[in-house]
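Counting begins at 1 with the first residue of the sequence. The structure presented is a predicted model; accordingly, all values stated were derived computationally and were not measured.
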Amino acid sequence: MSPTLRIGSLCTGYGGLDMAVRAVFGGELAWVADNDAGAARILAHHYPGTRNLGDLTCVDWAQVAPVDVVCGGYPCQPFSSAGRRKGVEDERHIWPHIARALRVLRPRYAVFENVANHLRLGFDTVLSDLAHLGFDAEWCVVRADNVGAPHRRRRLVVVAVAQDTDGKPGQQRGQSTPRQAPKRGAWTDARGRGGAPASYPSRPGLALGQVEPDGTQRPAAERNDRQPAGRRWGAFAPAIARWEAATGRRAPGPTDARGQLSPLFVEWMMGLPAGHVTDVPGLSRTAQLTALGNGVVPQQATAALRHLMERTRTGEGAAA
């Protein structure tokens with residue numbers, strides 16, 4: 001798509017969703033928004049000339065430059081199955097502030113990601129708000145191992161397209177009044193469609209056209225002996241080898257010299273370029289692992305976005 005598209009990023013973290021948005025839409029970051037100290041340090045390192053809006057709950061969006069695409073992986077704690085599952089009642093639920101940003105900025109596209117359990121908690125509110133704001137939404141759940149990563153990490157990915165544009169790059173949005181949301185149930189979107197969300201195709205590697213992890217056992221020499229001496233991946237060797245092939249680089253050791261989980265290994269597991277987080281000056285090991293744990297695998301999000309944009313073009317509904 002057009003390289004002139006302007007992207008605004010919310011809850012940016014290490015920028016994994018931004019990487020996917022740029023891979024699919026093209027464009028450049030106009031601004032980011034993350035008030036976490038570690039994330040802010042990562043963003044300043046990679047995008048020194050890009051404004052960080054900080055705490056998005058305090059932003060006057062009327063004073064922010066408009067963008068073509070708004071994206072974000074807003075906090076998952078209210079919805080995660082590992083948490084207290086308070087949903088919209090959780091004090092960390094910041095979706096209303098994001099909806100306010102969309103109301104003012106009126107981008108052509110809105111792209112979001114969150115944990116898959118968000119489908120059970122709070123997602124009806126998101127869809128209702130998007131419909132009120134004049135967006136037509138598509139969504140799917142994709143696992144990291146769908147694109148060859150050696151872990152599952154199920155994520156919900158949403159693409160919302162403004163109804164007053166046909167989705168063609170370069171088109172200016174109109175100023176139509178947001179319509180009322182249809183009252184057809186919790187899953188209904190702006191076109192009145194409802195139902196359970198579709199799952200992403202489960203065939204690993206399909207979307208990216210890279211190495212298809214079909215479970216084929218590789219020769220022992222290829223699986224293990226090319227690893228550093230004294231380290232063997234055992235039963236995990238095929239999964240490690242697949243991701244090495246998909247990313248084009250070998251897996252670092254899983255632990256550091258003290259026997260602790262290595263951020264270098266987690267960074268590789270998340271499909272990031274070497275040093276994207278671990279080479280950022282002044283970032284502690286804890287801050288590195290926190291940032292990495294909160295992110296999305298860029299290849300995973302890219303696959304989901306390509307799938308959803310194809311559904312948008314063909315008119316296939318989210319409930320299909």
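- With values rounded to the nearest 0.5 angstrom, Ile7 atom CD1 is found 8.5 Å from Phe25 atom CZ.
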Could you list the donor-acceptor pairs under 3.5 angstrom formed between side-chain atoms of residues 251-261 and any protein atom two or more places apart in sequence or on another chain?
{"unit_1": "Asp256", "atom_1": "OD1", "unit_2": "Arg258", "atom_2": "N", "d": "2.9"}
{"unit_1": "Asp256", "atom_1": "OD1", "unit_2": "Gly259", "atom_2": "N", "d": "3.1"}
{"unit_1": "Asp256", "atom_1": "OD1", "unit_2": "Gln260", "atom_2": "N", "d": "2.9"}

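- The shortest side-chain heavy-atom distance between Arg108 and Leu5 falls under the 4.5 Å cut-off.
- A distance of 6.0 Å or more separates the ring centres of Trp243 and Phe236.
- Partners of Ser262 by side-chain hydrogen bond (donor to acceptor under 3.5 Å, both in side chains), not counting sequence neighbours: none found.
- In this structure, His118 contributes its side chain and Leu121 its backbone to a donor-acceptor pair below 3.5 Å.
- Counting only residues at least two apart or on different chains, the side chain to side chain donor-acceptor pair (under 3.5 Å) pairs with a member in residues 6-16 are Ser9-Thr12, Ser9-Asp18.
- Considering OG1 of Thr50 and CD of Glu28, their distance stands at 8.5 Å, rounded to 0.5 Å.
- Between Asn294 and Leu292 there is no side-chain heavy-atom pair separated by less than 4.5 Å.
- Residues that satisfy the salt bridge (Lys or Arg N to Asp or Glu O under 4.0 Å) test with Glu113, not counting sequence neighbours, are Arg155.
- Atom CG in Asn146 sits 13.0 Å away from atom CD in Gln299 (nearest 0.5 Å).
- The shortest heavy-atom contact between Gly13 and Asp34 is N-OD2, 2.8 Å.
- Within the model, atoms CE of Met19 and OG1 of Thr302 stand 9.5 Å from one another, a figure rounded to the nearest 0.5 Å.
- In this structure, the side chains of Thr247 and Trp268 come closer than 4.5 Å at one or more pairs of heavy atoms.
- Shortest non-hydrogen contact noted between Ala137 and Leu130 is CB-CD1, 4.2 Å.
- At a threshold of 4.5 Å between non-hydrogen side-chain atoms, the residues Pro107 and Leu102 count as touching.
- Residues Tyr74 and Leu10 are not in side-chain contact: their nearest non-hydrogen atoms beyond the backbone lie 4.5 Å or more apart.
- To the nearest 0.5 Å, atoms CG (Asp36) and OG1 (Thr290) are separated by 7.5 Å.
- In this structure, Val24 is a member of the same hydrophobic cluster as Val159, with clusters built from ILVMFWY side-chain heavy atoms closer than 4.5 Å.
- Nearest heavy-atom pair, Val21 versus Cys71, reported as atom, atom and distance to 0.1 Å: CG2-CB, 4.0 Å.
- Between Trp139 and Phe123, the distance separating the two ring centers is shorter than 6.0 angstrom.
- Between the NE2 atom in His45 and the CG atom in Asp279 there is a gap of 6.5 Å [rounded to 0.5 Å].
- Val70 is not listed as a side-chain neighbour of Tyr109, based on a closest heavy-atom distance of 4.5 Å or more.
- In terms of the ring-ring contact (aromatic ring centres under 6.0 Å, His included) criterion, Tyr47 has no residue partners (sequence neighbours excluded).
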Could you walk me through whether Trp31 and Val67 pass the side chain to side chain contact (heavy atoms under 4.5 Å, CB included) test, one step at a time?
CA-CA 9 Å; Trp31 44 260; Val67 289; 3.5 Å; yes
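- In this structure, His307 and Cys140 have side chains that are in contact, with non-hydrogen atoms separated by less than 4.5 Å.
- No side-chain donor-acceptor contact under 3.5 Å links Gln163 to the backbone of Asp136.
- Of all non-hydrogen atoms in Gly73 and Leu17, the two that sit nearest each other are N-CD2, 4.1 Å.
- Looking at residues two or more places apart in sequence or on another chain, you find a side-chain contact (heavy atoms from CB on, under 4.5 Å) between Asn52 and Val32, Ala40, Leu43.
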Enumerate, atom names and distances included, each donor-acceptor pair closer than 3.5 Å involving a side-chain atom of residues 56-65, sequence neighbours excluded.
{"unit_1": "Thr57", "atom_1": "OG1", "unit_2": "Asp55", "atom_2": "OD1", "d": "2.7"}
{"unit_1": "Thr57", "atom_1": "OG1", "unit_2": "Asp55", "atom_2": "OD2", "d": "3.2"}
{"unit_1": "Asp60", "atom_1": "OD1", "unit_2": "Ala62", "atom_2": "N", "d": "3.2"}

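- In terms of the salt bridge (Lys or Arg N to Asp or Glu O under 4.0 Å) criterion, Arg41 has no residue partners (sequence neighbours excluded).
- Judged as a side-chain contact (heavy atoms from CB on, under 4.5 Å), and not counting sequence neighbours, the contacts of His151 are Ala144, Ala149, Arg153, Met269, Met270, Val297.
- Using a distance-only test at 3.5 Å, with no hydrogens or angles considered, a donor-acceptor pair links the side chain of Gln300 to the main chain of Val142.
- Hydrophobic clustering keeps Val266 apart from Leu264 (ILVMFWY residues linked when any side-chain heavy atoms are closer than 4.5 Å, directly or through intermediates).
- In terms of heavy atoms, Val161 sits closest to Thr312 at CG2-CG2, 4.0 Å.
- Applying the ring-ring contact (aromatic ring centres under 6.0 Å, His included) rule to His46 yields the partners His276; only residues at least two apart in sequence or on another chain are considered.
- Donor-acceptor pairing under 3.5 Å is recorded for the side chains of Thr278 and Glu267.
- Contact record, Ala291 with Ile42: CB-CD1, 3.7 Å, taken as the closest heavy-atom pair.
- Between Val158 and Val111, the closest side-chain pair of non-hydrogen atoms is not below 4.5 Å.
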